> 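Questions regarding the structure given below will be posed in turn.
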Amino acid sequence: MNSEAAIDRKPTMLERLHEWRVEHVSERMFMIILALVVGFFAAVAAYSLHWIINQIVMLLTSQFNRTGANWLYLVYPVVGIYLTSLFVRFIVKDNISHGITRILYAISSNKSRLKSHNCWSSVIASAITIGFGGSVGAEAPIVLTGSAIGSNLGQVFHLDRKMLMTLVGCGAAGAIAGIFKAPIAGLVFTLEVLMIDMTMSALLPILVSCVTATCFTYIFSGDASLFSFHLDSEWSVQRTPACVLLGITCGLVSLYFIRMMSFCEGIFARYTHPHVRLAIGGSILSLLIFLFPALYGEGYISINMLLNGRTEADWNQILNNSLFSGQGNLLLGYIALVILTKVVATSATNGGGGCGGTFAPSLFVGCFTGFLFSRLWNIHEIGVYIPEKNFALMGMAGVMSGVMHAPLTGMFLIAELTGGYSLLMPLMIVSVASYLTIIIFEPHSIYGSRLAKQGKLLTHHTDHAVLTLMNLDSVIERDYLSVTPDMELGQIVHKISRSQSSVLPVLNAEGVLLGEVEIMKIRNVVFRTELYHHFKARQLMVEPKATLLESTPMAEVMRTFDETRADWLPVLDADQHLKGYISRQRIYTMYRKMVADMSED
């Protein structure tokens, strides 16, 4: 009856659409169509998030006193973090922090599959956090949202892992392009940060997504750039030493950014109770914002002040709403303290239960660093005069390049963001100098360092990328035959006749691996029936050549096979219980197939 019902069941509309698509639309054209859809929705998400943030900020701060301190700075951030934590705990019921790291994990370890709630949850959570003053950025949540849209759209049409990865890249690239109206930056972001290879099958869809997102963002918000910038003076070669020194300075600031972020995250990781984390993170954040209101939210207003200031009075507006308002002599000290405390404020926001990324904070810190560097250079008359606005802009590219290990992204993003293409050469110098400085101390970006420690970071190195994408759990042979320590040779021979492998594991009653019976090593007694009752498994077993854990990285698995020359290796859990075996032949076959798949374009 059930089989008849299954035969009579009419295909769903989605199934009919899928069949029609397979028959009438080529795979390449279908990817272009999906990329266009993903780019559109990424632009919608980016515009919606910034609109919500702006409405909340206007509602909460429009009546603030600009000439003095505002005590509500002590209240709003705590309220925002608390509301966000309630939303995440009781509605989302999942961890949505570290957006870009989650994308990298999905690509490397989860077949590019992101959960459906990621299409909307990060938008709401980060809007609440940032609108109420959380000192984080909206970019990482939007990138996660765009990638989730691409991933879930691909899952609906049952696309393979390679196509899903491309759609994840389309979503991320579209998000960056939409937020900043910077299509080239969106493209290189996927190359440098998400480590998606620019094969021809991936390049065109990602470009389509970037262009689509950028065009719709122009339709939604007009021609205005996120940051306005007017060039003070053209770059000259005499300023090259200053550009190199700024790049080195940005690299060292990036090192401070990454190390301090890691240190603060470690402190918050010690506390598991959400109210304790809220009390610590909220208190730190609200106090810092009360002292330095420039830390409120994304900080883009302060960035625009530094990029567009022409007189001391313009730049002194950075001190507005604070205890230092009107005291222009404290400007440089104030800026230096803001650079040092921005990372702490960002960590306190996320550690306390808020939601946001480090993209905007890196731009913020970079702008303040570039301005401080140029002002100190000019005060001490170290060399030729350097325009402070220009160097504030270049500082943004420098710190972003260092924190994200992405010099191309930093360079093109700032050039596109401000229309500052006339500064492309110094932007290149600063970005490269910053990157070369940071890699001396930190081999991985702020996004990749967490996964690199677990051996799950995807890179452009083909061998490493394939090993990262390979899933240990998927190659474990769980259908094995085992023997007990007291099993006689006759029974063992019977097991051998039904076994598919060259070894039989010897397990105790709890399933703990005691040793192995290697078929080739007992061949001299297998056919001697008179010995079948004289030998037991404990007498015939040997130690395994090596053992693997479920968490062992694939690179180490391959290295272990090479060193031991074993055909089969056992996989154990943390309690030494046998989970199954890995075949050398199977793992190398899968490896060769994945290398061929990655190289076919």
Side-chain angles (χ1 to χ4, degrees), residues 17-18 20-46 100 103-104 106-108 111-114 142-219 406 408-409 411-413 415-416 458-460 462 465-466 469 594-601:
L17 178 62
H18 178 67
W20 181 89
R21 193 275 300 175
V22 171
E23 184 176 349
H24 296 91
V25 182
S26 68
E27 187 175 278
R28 184 178 293 271
M29 181 56 66
F30 187 58
M31 282 297 293
I32 298 299
I33 296 171
L34 291 181
L36 192 150
V37 174
V38 170
F40 168 75
F41 281 111
V44 171
I100 294 177
I103 299 171
L104 291 171
I107 292 173
S108 66
K111 300 179 180 179
S112 297
R113 296 175 181 270
L114 289 161
I142 287 297
V143 170
L144 176 59
T145 299
S147 295
I149 291 171
S151 176
N152 283 272
L153 193 60
Q155 292 177 56
V156 166
F157 290 100
H158 308 291
L159 301 183
D160 59 32
R161 178 167 62 182
K162 188 175 182 180
M163 297 175 74
L164 271 182
M165 185 189 298
T166 300
L167 285 178
V168 167
C170 288
I176 294 297
I179 292 170
F180 297 113
K181 298 178 182 174
I184 298 177
L187 175 66
V188 297
F189 175 84
T190 62
L191 173 67
E192 289 190 302
V193 179
L194 298 188
M195 300 293 178
I196 294 179
D197 285 321
M198 291 293 102
T199 58
M200 286 307 299
S201 62
L203 180 61
L204 191 55
I206 291 175
L207 276 173
V208 168
S209 179
C210 290
V211 172
T212 303
T214 304
C215 289
F216 276 101
T217 302
Y218 273 106
I219 294 173
L408 287 176
T409 302
M411 178 180 67
F412 282 110
L413 176 64
E416 288 186 289
L458 199 67
T459 71
H460 289 298
T462 302
V466 169
L469 290 170
M594 291 184 69
V595 169
D597 289 342
M598 291 187 70
S599 304
E600 66 182 9
D601 291 317

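Please read all numbers here as calculations on a predicted model, not as lab measurements.
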> Using 0.5 Å steps for rounding, measure from the CG atom of L204 to the CE atom of M31.
10.0 Å
> So which pairs with a foot in residues 173-183 pass side-chain hydrogen bond (donor to acceptor under 3.5 Å, both in side chains), sequence neighbours left out?
K181-S221
> For the CD1 atom of I179 and the OG1 atom of T217, what is their distance to the nearest 0.5 Å?
8.5 Å
> Count the heavy atoms of every other residue, nucleotide or ligand shown that sit under 6.0 Å from CZ of F41, and state whether that count exceeds 12.
no
> Test V37 against T212 for side chain to side chain contact (heavy atoms under 4.5 Å, CB included), laying out the working first.
CA-CA 8 Å; V37 174; T212 303; over 6 Å; no
> Suppose the criterion is side-chain hydrogen bond (donor to acceptor under 3.5 Å, both in side chains): which pairs have a residue in residues 144-153, not counting sequence neighbours?
S151-Q155
> Specify the closest pair of heavy atoms between I206 and A173, including all atoms of both residues, with the distance to one decimal.
CG2-CB, 3.7 Å
> To the closest 0.5 Å, what do you measure between OG1 (T190) and CD1 (I103)?
11.0 Å
> Enter the distance from L408:CG to L413:CG here, rounded to the nearest 0.5 Å.
12.0 Å
> Restricting to non-hydrogen atoms, name the atom on F216 and the atom on A43 that form the minimum distance, rounded to 0.1 Å.
CB-CB, 4.0 Å
> Could you measure the distance from the CZ atom of F30 to the CG atom of L159? Nearest 0.5 Å is fine.
6.0 Å
> So which atom in A406 and which in V193 form the shortest heavy-atom distance, rounded to 0.1 Å?
CB-CG2, 4.0 Å
> Are any side-chain N or O atoms of S209 and backbone N or O atoms of P205, one a donor and one an acceptor, separated by less than 3.5 Å?
no
> Using every non-hydrogen atom in the two residues, find where C210 and P183 come nearest and quote the distance to one decimal.
SG-O, 3.6 Å
> If I take atom CG from residue L34 and atom CZ from residue F157, how far apart are they, to the nearest 0.5 angstrom?
6.0 Å
> Is the shortest side-chain heavy-atom distance between V143 and F189 below 4.5 Å?
yes
